[in-house]
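The structure appears below as structure tokens.
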Amino acid sequence: MTTVAAYAAPAPKAPLERTTIERRAVREFDVLIDIKFAGICHSDIHQAREGWGEAIFPMVPGHEIAGIVSEVGPGVTKFKVGDRVGVGCLVDSCRECDNCKAGLEQHCTGGSVGTYNAIGKDGEPTYGGYSTHVVVDENFTVRIPDGLSLDVAAPLLCAGITTYSPLKQWGAGPGKKVAVVGLGGLGHMGVKIAHALGAEVTVLSQSLRKKDDGLKLGADHYYATSDPKTFEELAGSFDLIVSTVSAPLDFGAYLSLLKTGGALVNVGAPEEPIALNLFSLIGGNKTLAGSMIGGIAETQEMLDFCAEHGIGSEIELIGASEINEAYERVISSDVRYRFVIDTATI
């Protein structure tokens, strides 16, 4: 075991504070990563404040991790000391179920293990990326291509794969009209990736406040959902809508924007349940779906795609002492577009 510095929430809704945690010794197939940068995801806040239910404390959040390999176990074949690597939302799974064998570790029927707020296969709690070091099995570690700076790559490990996966699965590309709901940490990545895939991209946001940003990021159109005329003008327009917001929406209204046979895919996770009139689906043979991150192979595919197309996250780099302020700013939508912690300040 090795003692390392970290920032943790000691209890639900408590401010995060500097502390120390124990990392396991490097096992046969483990890599020790010197964490350089860790993104702040809205899901960190949901979990640290128990918005999604009972959680494990003390909690070290962070599943957008970018760093450098500093030690490898004797059985490691995928990485060597000095490699640039990342860790996303998962650090283990059963590896034996049909989903795991199909590269869908995030849907492991034997129980995937989250990077934090989870219990590992060894019975110990997992701690995330708001830390100086982490030990991870090589099979849940991905390579960050040289074309991506580590700071802008860190948010790709969640925000990037969370939007890439549904865009690929539902066929975003040339000739397809894609709408992204919300221009935040997830949404801005959705715009960049959909544009790079060749789709015609529209942003649907509460206001036009970020319109200039949206167009610069690759959107072709930008509409305010607070304007009732938007839903009239865009009725039946889209092949695919990806909702990235964590607030409950009027899904009936958004489903009306789909073409016949279109899909509305939700990647945001509101804390409250939603109501839906099923005629909104039946009437146009439409699909309301959900998507949760991606498997390890698809995450690597996403990183390679982003490097090829020069896509990184738009970030605001902060010191660890600013984490609690950053949480409040995320809640207030006062970030463009992802806070990233410089872990040298922990």
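Because only heavy atoms are used, hydrogens play no part in the values below, and waters and symmetry mates are left out as well, while side chains stay in. On a predicted model such as this, the values are computed, not experimentally measured, just so you know.
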Working note: Ile293 + Ser165, criterion side-chain contact (heavy atoms from CB on, under 4.5 Å); need CA distance, chi angles, decisive distance, verdict. CA-CA 7 Å; Ile293 55 172; Ser165 185; over 6 Å; no
For the pair Asn285 and Thr260, evaluate side chain to side chain donor-acceptor pair (under 3.5 Å) and give the outcome as yes or no after the intermediate values. CA-CA 6 Å; Asn285 193 31; Thr260 299; over 6 Å; no
For Leu255 and Ile241: C-alpha separation, side-chain torsions, deciding distance, then whether side-chain contact (heavy atoms from CB on, under 4.5 Å) applies. CA-CA 9 Å; Leu255 287 164; Ile241 300 173; over 6 Å; no
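Two residues are said to be in side-chain contact when any heavy atoms from C-beta on lie closer than 4.5 Å; Glu71 and Val69 fail this criterion. No side-chain heavy atom of Val181 sits less than 4.5 Å from a side-chain heavy atom of Val242. By the 4.5 Å heavy-atom criterion applied to side chains, Val265 and Ser243 are not counted as neighbours. In this structure, Pro12 and Phe57 have side chains that are in contact, with non-hydrogen atoms separated by less than 4.5 Å. Put simply, the side chain of Thr20 does not reach to within 4.5 Å of the side chain of Val4, judged on heavy atoms. Taking 4.5 Å as the limit, some side-chain heavy atom of Val330 sits within range of a side-chain heavy atom of Ile45. Leu167 is listed as a side-chain neighbour of Leu240, based on a closest heavy-atom distance under 4.5 Å.
Put simply, the side chain of Asn117 never gets that close to the backbone of Ala55: no donor and acceptor are under 3.5 Å apart. At distances below 3.5 Å, not a single donor-acceptor pair connects side-chain atoms of Glu138 with backbone N or O atoms of Phe29. Between the side chain of Lys101 and the main chain of Arg95, no donor-acceptor pair closer than 3.5 Å is present. With hydrogens and angles ignored, the 3.5 Å screen pairs no side-chain donor or acceptor of Arg338 with any backbone N or O of Gly184. Here the side chain of Thr126 pairs no donor or acceptor atom with the backbone of Gly120 at under 3.5 angstrom. A donor-acceptor pair under 3.5 Å links the side-chain atoms of His188 to the main chain of Gly185, judged by distance alone.
With respect to the salt-bridge test (charged N to carboxylate O, under 4.0 angstrom), the residues Arg329 and Glu316 qualify. A salt bridge between Lys192 and Glu314 is present, with a side-chain N of the basic residue lying under 4.0 Å from a carboxylate O of the acidic one. Between Lys80 and Asp83 a salt bridge is recorded (basic side-chain N to carboxylate O distance below 4.0 Å). Salt-bridge formation is not detected for the pair Asp30/Arg23: no Lys NZ or Arg NE/NH1/NH2 atom is positioned less than 4.0 Å from an Asp or Glu carboxylate oxygen. With respect to Lys259 and Asp239, a salt bridge is recorded, a charged nitrogen being found less than 4.0 Å from a carboxylate O.
Minimum interatomic distance between Leu288 and Leu276 (heavy atoms only, all atoms of both residues): CD2-CD2, 3.5 Å. The minimum heavy-atom distance linking Val60 with Ala8 is given by the pair CG2-CB, 3.7 Å. What you find for Ala159 and Leu186 is that their closest heavy atoms are CA-CD2, 3.5 Å. Between Val178 and Phe238, the shortest heavy-atom contact is C-CD2, 4.2 Å. Smallest separation of non-hydrogen atoms from Ile311 and Ala196: CD1-CB, 3.7 Å.
For Asp304, the side chain to side chain donor-acceptor pair (under 3.5 Å) partners are Gln300, not counting sequence neighbours.
Surrounding NZ of Lys229 are at most 12 heavy atoms belonging to other residues, nucleotides or ligands under 6.0 Å away. Within a 6.0 Å radius of CG in Asp98, other residues, nucleotides and ligands contribute 12 heavy atoms or fewer. Heavy-atom contacts from other residues, nucleotides or ligands closer than 6.0 Å to NZ of Lys216 number 12 or fewer.
Taking the six-membered ring where tryptophan is involved, the planes of His46 and Trp52 are essentially parallel, since the angle between them stays under 30° and well short of 60°. Under the 30°/60° scheme for interplanar angles, the aromatic rings of Tyr223 and His221 are found to be tilted.
Val87 and Leu150 fall within a single hydrophobic cluster, where Ile, Leu, Val, Met, Phe, Trp and Tyr are joined by side-chain heavy atoms under 4.5 Å apart, directly or via other members. Hydrophobic clustering of Ile, Leu, Val, Met, Phe, Trp and Tyr side chains at less than 4.5 Å, counting indirect connections, keeps Met59 apart from Tyr7.
Side-chain contact annotation: His195 with Glu200, donor-acceptor N/O pair under 3.5 Å absent. Judged purely by distance below 3.5 Å, without hydrogens or angles, the side chains of Thr2 and Glu22 never pair a donor atom with an acceptor atom. Looking at Tyr222 and Asp212, their side chains never bring a donor and an acceptor atom within 3.5 Å of each other. Tyr164 and Glu301 share a donor-acceptor pair across their side chains, judged by distance under 3.5 Å alone. A donor-acceptor contact closer than 3.5 angstrom is absent between the side chains of Gln206 and Ser226. Under 3.5 Å, the side chains of Thr109 and Asn99 contain no donor-acceptor pair of N or O atoms. Under 3.5 Å, the side chains of Tyr327 and Asp44 contain no donor-acceptor pair of N or O atoms.
With Glu105 as the fixed residue, the side chain to side chain contact (heavy atoms under 4.5 Å, CB included) test singles out one of Cys97, Cys94, Ser93, Ser112: Ser93.
Pairs passing the side-chain hydrogen bond (donor to acceptor under 3.5 Å, both in side chains) check and including a residue from residues 151-163, sequence neighbours excluded, do not occur.
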